[in-house]
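Working notes, beginning with the structure itself.
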2 protein chains.
Amino acid sequence: MSKNLTKRSEDYSKWYNELVVKADLAENSGVRGCMVIKPYGYAIWEKMQAELDRMFKETGHQNAYFPLFIPKSYFSKEASHVDGFAKECAVVTHYRLRTAADGKTIEVDPDAKLEEELIVRPTSETIIWDTYKGWIQSYRDLPLLINQWANVVRWEMRTRLFLRTAEFLWQEGHTAHATEKEAVAEAEQMMNVYADFAENFMAIPVIKGVKTANERFAGAIETYCIEALMQDGKALQAGTSHFLGQNFAKAFDVKFANKEGKQEHVWATSWGVSTRLMGALVMTHSDDNGLVLPPNLAPIQVVIVPIYRNDEQFDAVSDAANELMAKLRKLNISVKYDNRDTHKPGFKFNEYELKGVPVRIGLGPKDLENGTFEVARRDTLTKEIVSNTDIVTYIQDLLEEIQTNLYAKAQTYRDSHITEVNSFDEFKEVLENKGGFISAHWDGTPETEDKIKDLTKATIRCITLDRKEEAGACVLTGNPSVGRVLFAKAY
Amino acid sequence: MSKNLTKRSEDYSKWYNELVVKADLAENSGVRGCMVIKPYGYAIWEKMQAELDRMFKETGHQNAYFPLFIPKSYFSKEASHVDGFAKECAVVTHYRLRTAADGKTIEVDPDAKLEEELIVRPTSETIIWDTYKGWIQSYRDLPLLINQWANVVRWEMRTRLFLRTAEFLWQEGHTAHATEKEAVAEAEQMMNVYADFAENFMAIPVIKGVKTANERFAGAIETYCIEALMQDGKALQAGTSHFLGQNFAKAFDVKFANKEGKQEHVWATSWGVSTRLMGALVMTHSDDNGLVLPPNLAPIQVVIVPIYRNDEQFDAVSDAANELMAKLRKLNISVKYDNRDTHKPGFKFNEYELKGVPVRIGLGPKDLENGTFEVARRDTLTKEIVSNTDIVTYIQDLLEEIQTNLYAKAQTYRDSHITEVNSFDEFKEVLENKGGFISAHWDGTPETEDKIKDLTKATIRCITLDRKEEAGACVLTGNPSVGRVLFAKAY
């Protein structure tokens, strides 16, 4: 197959849009801003889900399911929360259709108007805290550690596959605790779980930090985040974990009797990652030839492509392929033998390159004669001739090596794109010509942050958890600063 | 804990509603007709999902995800489909909220009206077939075998937890085929997968059949179903699989080039099971003491409850419990050791009975002395003293036995509740006093079926796949019939 993929250097954004569609990850649907996640893309998402779910359960969380709809009155109980989401809410107002007067077309039945409009959940804090009120009476009911896998809707005006869609899939954790300290520890723990997942499973290096007031979740006291850097020098928020204080407990009147029998409001966290991670995955590792997938996330880790001129050769090659396949599957390596006779090997090579299959094995009569396999790796686009006797260990090691290499490559890029600047001219120059994270002093005010955003489109991605105390002068105003923060243009 | 559960013989419906809530499976939410699935209930649903997902993949299906919303115009493209669902559709008409004139309350922003209203999917045939149009060009693209795990909304006026809720969770398979024969085979295969799952995993015996025209899915040519019988003598449709013919392919203009290069419309199936199965599970096995779970579906298969009077006894008992736990876990048996010191053993016994844990092990100082365990099984409420040396094999065998026993018990009940009748008086008498399936002759007309429903509330549950040819006279009209069909009152 011909890939016809725009080069990243020509138009990164176009490259991304084309790649997501051509590699069969997702496509736009006929519904404004809503995507279809295709089987190949969904298989990757399922791998993310399975690993995250395992990590959540290992840290004591249970899954549950809460309603898709939120009554308008619940939604407005927490003031800053409704401010943050009101402008992007899909609203259900009616519950029936009817045949129109023309006897043919269908219209909304005006007699079937809801007494109270329902919001399609953009996030579930309100409906969940309304439920928790019935579940929490005593300190014995705490902590309550719950996660939900769900779809949510935020009516975005400009959408892009995976990165910003009106409907997306995510998980949202919602926990309740007896003390502030426990809730903060939970929020930090989940940020660490996300960082661990991003780095060790997705091979995406991330920076841990907290958001400034401007960028905080609507209703949170503190928003912890992990920030990744894409190949075009733009940052991507890959996951957030919020310490919500007692805001939602107060809004929904959720109290518990402590050990001394005194009534107290409950402390809360919420945390989430979404199908946005699919966008991060594509933009961190892929190249001008197509998708590059870390072995941990590849639906097909190894593909075997037969090379033959006649049935006899095909049979011999297939025998060897099936034998190898059986050995690899025993090691839980997912292998596909592509024996389609409708396509030539060259077409198949291109297709698996486009789809990011980590290891491709070519196998023809000459290989059989020599007792070897031709092994190509997707990340470096290099080939190696490997002997029959070593092949299984070789593949096993290679998959690990690819996983490690992808992380190292992304880390090298990221680390070389964190630039300290000490003047606003330098700030603009680096942002314009190099991109990446800019480490700069900031006077700590939302006004300055807004002004910098207006002037440059860069926002404060985070105050890193490990930031050094360092007296300095704000890059815009010259006012005193106690340490640097990370700015970047962001997705 | 005191269970205070209504007896089934007193009020079966009340017993069900109470049990679902008290056993922590689900509860009503503040949103009309929408339920909250609680962690314990959701853990059971996750087990169903995992097994079904495995079975779908084994039969060649892949998962994908399609939009929650369906434009009104798509929805009305297939005439009988829109007729079937129009009266129960939640409709999104606006995409923004704003602060009202009072400066305090929140209202729907009238300026943010959608150009075309969106239906919250009640089922996804229309949006999926609109998508398939882009995916199918040639016979090489077929069959297309796709499944989706999703939430759907049907605005029901009377709702009951799990059995009928405005929002529910389900899976919906949507497949496309080159020939009628293949599509029919797929629809039949999925009915068989569902039957296999219900019987061998959930221990629920089912009858396979096809629906009459009256009871068919809106848009289907043939609806295959599995029907189960609840303890109150009412039937429950546990899963359906539809042969859709070319209806949706024609409505959405989905054609493919066959091997001869001729354009043909594609043949379709769809099939689904939902969280309704949770209701079937409860109503098939549970008793007046609470939930009874088949070991395959039990989040906790074995619980160990320590009995002690002092710390020394507690430590000794805990050592033995931990040792047993380790051994059982090695066999992938899920075990909980309930060492809470806030509750007495009696309370715990009651709690695990209510929650349907299949096996309960009591362990105290006397058992340690004798080298025995007291093993109680939930299905028969009997106890056995088992020696230390046999315990692991005993538990393993017992779990299998409970699974088998539950199925056998349900089957005996079901089989004794299929009654052949040959007059309408007999029909009404059996329906009134015994319930269950009534096997009767029917003249094959929708009018007679409707009349019987009006007179008795019983509907034709299915024409069984294995029905015998048998000339007879319709139980209502006396008109000729070629074989019996199964009537019942149904959930």
Side-chain angles (χ1 to χ4, degrees), chain A residues 27 29-31 34-43 45-46 62-76 82 85-99 105-108 112 117-120 127 130-131 134 140 146 150-151 153 155 166-167 169 342, chain B residues 27 29-31 34-43 45-46 62-76 82 85-99 105-108 112 117-120 127 130-131 134 140 146 150-151 153 155 166-167 169 342:
Chain A
E27 64 183 34
S29 76
V31 190
C34 292
M35 66 181 158
V36 172
I37 306 180
K38 299 178 80 174
Y40 193 65
Y42 200 84
W45 175 241
E46 282 182 310
Q62 292 180 294
N63 289 329
Y65 189 76
F66 298 87
L68 171 67
F69 298 131
I70 301 175
K72 198 186 61 183
S73 58
Y74 287 27
F75 195 67
S76 41
V82 71
F85 289 101
K87 286 188 183 139
E88 47 185 43
C89 282
V91 189
V92 176
T93 55
H94 291 74
Y95 58 84
R96 196 164 61 214
L97 299 173
R98 68 173 189 190
T99 308
T105 55
I106 297 294
E107 65 181 14
V108 176
E117 294 92 348
L118 298 173
I119 313 302
V120 182
I127 185 77
D130 180 70
T131 309
R140 286 190 202 88
I146 290 184
N151 53 345
V153 171
W155 205 264
E167 182 193 16
L169 304 185
T342 44
Chain B
E27 64 183 35
S29 75
V31 190
C34 292
M35 66 181 159
V36 172
I37 307 179
K38 299 177 80 174
Y40 193 63
Y42 200 84
W45 175 242
E46 282 183 309
Q62 293 180 294
N63 289 330
Y65 189 77
F66 298 87
L68 171 67
F69 298 131
I70 301 175
K72 197 186 61 184
S73 57
Y74 287 26
F75 194 66
S76 41
V82 71
F85 288 103
K87 285 186 183 141
E88 48 185 41
C89 281
V91 189
V92 176
T93 55
H94 291 74
Y95 58 84
R96 196 164 60 214
L97 298 173
R98 68 173 188 190
T99 308
T105 55
I106 298 294
E107 64 181 14
V108 176
E117 294 92 349
L118 298 173
I119 313 302
V120 181
I127 186 78
D130 180 70
T131 308
R140 286 190 202 87
I146 290 185
N151 53 345
V153 171
W155 205 262
E167 181 193 16
L169 303 185
T342 45

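Reckoned from all heavy atoms, side chains included, excluding hydrogens, waters and symmetry mates. Naming convention: chains lettered A, B, ... in sequence-line order (proteins, then strands); numbering from 1 in each chain.
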Can you tell which part of B:Y40 gets under 4.5 Å to a heavy atom of chain A, answering side chain, backbone, both or neither?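 The answer is neither part of B:Y40.
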
Contact origin within B:Y74 toward chain A - heavy atom pairs under 4.5 Å: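 For B:Y74, side-chain heavy atoms alone lie under 4.5 Å from chain A.
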
Ranked by heavy-atom pairs below 4.5 Å to chain B, first place among A:A166, A:P39, A:A112, A:G41 goes to A:P39

Heavy-atom pairs under 4.5 Å with chain A, option from B:A86, B:A43, B:G134, B:S29 with the top count: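 Most heavy-atom pairs under 4.5 Å with chain A: B:A86.
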
Let's test your reading of the structure: which of B:E46, B:Q62, B:R98, B:R140 forms the most heavy-atom pairs below 4.5 Å with chain A?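 The option with the most such pairs is B:E46.
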
Name the orientation class of the two ring planes belonging to A:Y65 and B:Y42 (parallel below 30°, tilted from 30 to 60°, perpendicular beyond 60°).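 The arrangement is parallel - the two ring planes meet at less than 30°.
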
Side-chain donor-acceptor distances from residues 87-97 of chain B under 3.5 Å, at least two apart:
unit_1: B:T93; atom_1: OG1; unit_2: A:T93; atom_2: OG1; d: 2.6
unit_1: B:R96; atom_1: NE; unit_2: B:D109; atom_2: OD2; d: 3.0
unit_1: B:R96; atom_1: NH2; unit_2: B:D109; atom_2: OD2; d: 3.1

With a 4.5 Å limit on heavy-atom distance, are the side chains of B:V31 and A:I70 in contact?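 With C-beta onward as the side chain, the pair stays apart.
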
Mind checking whether B:V36 and A:P67 have side chains closer than 4.5 Å, heavy atoms only? yes

So, using side chain to side chain donor-acceptor pair (under 3.5 Å) as the criterion, who are the partners of B:T99 when residues are at least two apart?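 Partners of B:T99 by the side chain to side chain donor-acceptor pair (under 3.5 Å) criterion come out as none, since no residue qualifies.
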
What's the verdict on side-chain contact (heavy atoms from CB on, under 4.5 Å) for A:F69 and B:V153, showing C-alpha distance, side-chain angles and the deciding distance? CA-CA 10 Å; A:F69 298 131; B:V153 171; 3.9 Å; yes

If you measure from [atom1] on [X] to [atom2] on [Y], what distance do you get to the nearest 0.5 Å?
X: B:N63; Y: A:K38; atom1: CG; atom2: NZ; answer: 15.5 Å
X: A:C34; Y: B:L68; atom1: SG; atom2: CG; answer: 7.0 Å
X: B:S73; Y: A:I106; atom1: OG; atom2: CD1; answer: 11.5 Å

Closest approach of B:K72 to A:E107 (non-hydrogen atoms, all atoms of both residues):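 Reported closest heavy-atom pair: NZ-CA, 4.1 Å.
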
